[in-house]
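Because the structure is predicted, anything quoted here is derived from the model rather than measured. So you know, we letter chains A, B, ... as the sequences are listed, proteins then strands, and number each from 1.
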Protein chains: 2
Amino acid sequence: MSTKNKILDSAESLFADKGFNGTSLREITSQAEVNLAAVNYHFGSKKELIKAVMSRYMNELSPRLETALTQVCNTESPSLIDVFSAFIEPLLSLNDFKTKGTSNFLQLLGRGYTDSQGFLRWFLTTQYPGVIDNFVLAVQKAYPELNAEEMFWRLHFTMGTVVFTMSSSDALIDIAKSDFDRNLQISDVIRNVIPYVAAGVGAPMPSSATA
Amino acid sequence: MSTKNKILDSAESLFADKGFNGTSLREITSQAEVNLAAVNYHFGSKKELIKAVMSRYMNELSPRLETALTQVCNTESPSLIDVFSAFIEPLLSLNDFKTKGTSNFLQLLGRGYTDSQGFLRWFLTTQYPGVIDNFVLAVQKAYPELNAEEMFWRLHFTMGTVVFTMSSSDALIDIAKSDFDRNLQISDVIRNVIPYVAAGVGAPMPSSATA
DNA sequence: AAGCAGTTTAAACAAGCGTTTTAAATAACG
DNA sequence: CGTTATTTAAAACGCTTGTTTAAACTGCTT
C-alpha cells in the first residue's frame, strides 16, 4: 500500500468520524503510520487532501448515479419512491469499492455540508453538475405539478434529512440496538429514510387543487 | 448592558454564524468589547458559556412549547400538521425576546447537533426532557398506528430536516431572493418546512395495511 | 477616609495547529 | 557503479487556541 493511499484511507475514516476541522494532520499521519510532512508533500495542503478524499468517492459514484437516474426518467410514470430508490444500488456499491465505503461516504457528505459552510455546495455543483441535473429531472417527471420554488425548498429539505441522518447514522444504529434490540446497517438506514423523503417531497402543494 | 450579557449576545450571534468550534473566545470578547479573561471569570470555561447561551433560549422556549403541545394533545383528533404547527408561535415568540432570536436559536440548535457530537442530545434529554416527552405524545395521538421503532426513525429524520434547514436558512433565504425574487424571512422557512415534515412523519407504514 | 469584595485589565502560559525546512535514506536509470 | 530524483524523517517555524496569573481599578460599607 502506497503512502498516498494510506493517508487517504486514514483521512477518510477520521474525517467521517470527527469532521474535517476536528481532525488534525498529526492524527491522520499517526494512524496511517507515515510521516507528518507526507501530507503536504503528496497533497500540498489539508484542503487538497479533503478534496482528494471526496473525489475518490464521487468519481466512483457519479456515473452510476447518473445512469440510474436516467433509467428512472426513461420509465413510463415513475413514482418518487422510484426516484429515491435509484440511489440505493449506487450508494451500496461503494461497499464493494471499499470497506465501510457507503457509510463513510455519506458521513463525509454530511461533514462537507456542515463543517465549512458552502464547501460541499461548491464541490458538487462545480465538479459534478450532472448528478444534480439528472436528479431534478427525475423528480420533475415523478411530480410534474411541483413548481420550481416548491421543488427548491423540498430538495433542500431532503438534502438536510439525508445529510443529517447519515452524519449521525452511527449514533442512530447504536440507539436502535439498545432500544429495540435491532442490529441494523447503513443499508437499513437508507431504506428507512426513503419513504420519509418521498412523502415529504410528494406532499400536496399548499395552495392548489389536489394532484 | 452588563459585561456578562455583552458576552452572551456576541457569543450567540458568532456561534450561530460560525459554529461553536469555529468561534474563538478572542472573537467573542473582541466583538463584545470586553476583556478576554472576562469569559473565564464570568462563565468558567467556553463549554459553560455555550450551555449558558443555549439555556437562555431554552428557558424561554420550553414552557411555551410544552403548553402548546399539551393543548394539541387535548384536542379531539389532531393532525400531524397541527402538531408541527404548535412549534410556530413559541419559536416566533423568541423574536420578541431578542432581536433575530428565532433564527439565532434555530441555527444554534443545528450547531449543537453537528459541531460536537452528542452534546445537544445530552443537553435536551437531561435538561429539558418535558419538551421531547410532550412532542412524542402529540405525534402518537395524531398518528397512533406509528409503532415505537418507526416513530424513532421519523422523529430523527425530522430533527435532521429542521436542524439542517435552519442552520443554513440564511443561505436558503438568499437563494430564494436571487432565484425567485422572493423576500422571505425565517418565519416563511418555518411555514414551508411544516408540510414537508408532516408528510414525512405521516408516510404510510412500510409493511402494514393502510391506516 | 480606609478597607474590602467584585471586576476589569494586560500579559503570559502551555498546548495544538498547518506548514516548511533541513538532512538522510531509498529508488531509478544511464 | 555512480548520479540523479524521489521519498522519508525529525525538528522547528509562526500562529492560534483556551486558560491562568497577578496587578490595577471600581464602588460600596464601616
Mind checking whether [X] and [Y] have parallel, tilted or perpendicular rings, split at 30° and 60°?
{"X": "A:Phe105", "Y": "A:Tyr57", "answer": "tilted"}
{"X": "A:Trp153", "Y": "A:Phe157", "answer": "tilted"}
{"X": "A:Phe84", "Y": "A:Phe135", "answer": "perpendicular"}

Heavy atoms under 4.0 Å, any strand shown: does A:Ala37 hit a base, just sugar-phosphate, or nothing? base

Within the 4.0 Å heavy-atom criterion, would you say A:Thr23 contacts the bases, only the backbone, or no part of the nucleic acid? sugar-phosphate

When you measure from the side chain of B:Ser103 to the backbone N and O of B:Ile186, does any donor-acceptor pair fall under 3.5 Å? no

Does atom CG (A:Asp181) have a neighbourhood of more than 12 heavy atoms from anything else shown, all under 6.0 Å? no

Listed in order of residue number, which residues of residues 40-55 of chain A have a non-hydrogen atom at under 4.0 Å from DNA chain D? A:Tyr41, A:His42

For C:dG16 and A:Ser24 - does any side-chain N or O of the residue sit under 4.0 Å from the phosphate oxygens OP1/OP2? no

Can you tell me if the side-chain N/O atoms of B:Thr3 get under 4.0 Å from OP1 or OP2 in C:dT8? yes

Hits for ring pair (Phe, Tyr, Trp, His ring centres under 6.0 Å) against B:Tyr41, two or more places apart or cross-chain, chain-then-number order -> none

Between A:Glu33 and A:Arg26, name the one whose nearest nucleotide on DNA chain D is closer to the 5' end. A:Glu33

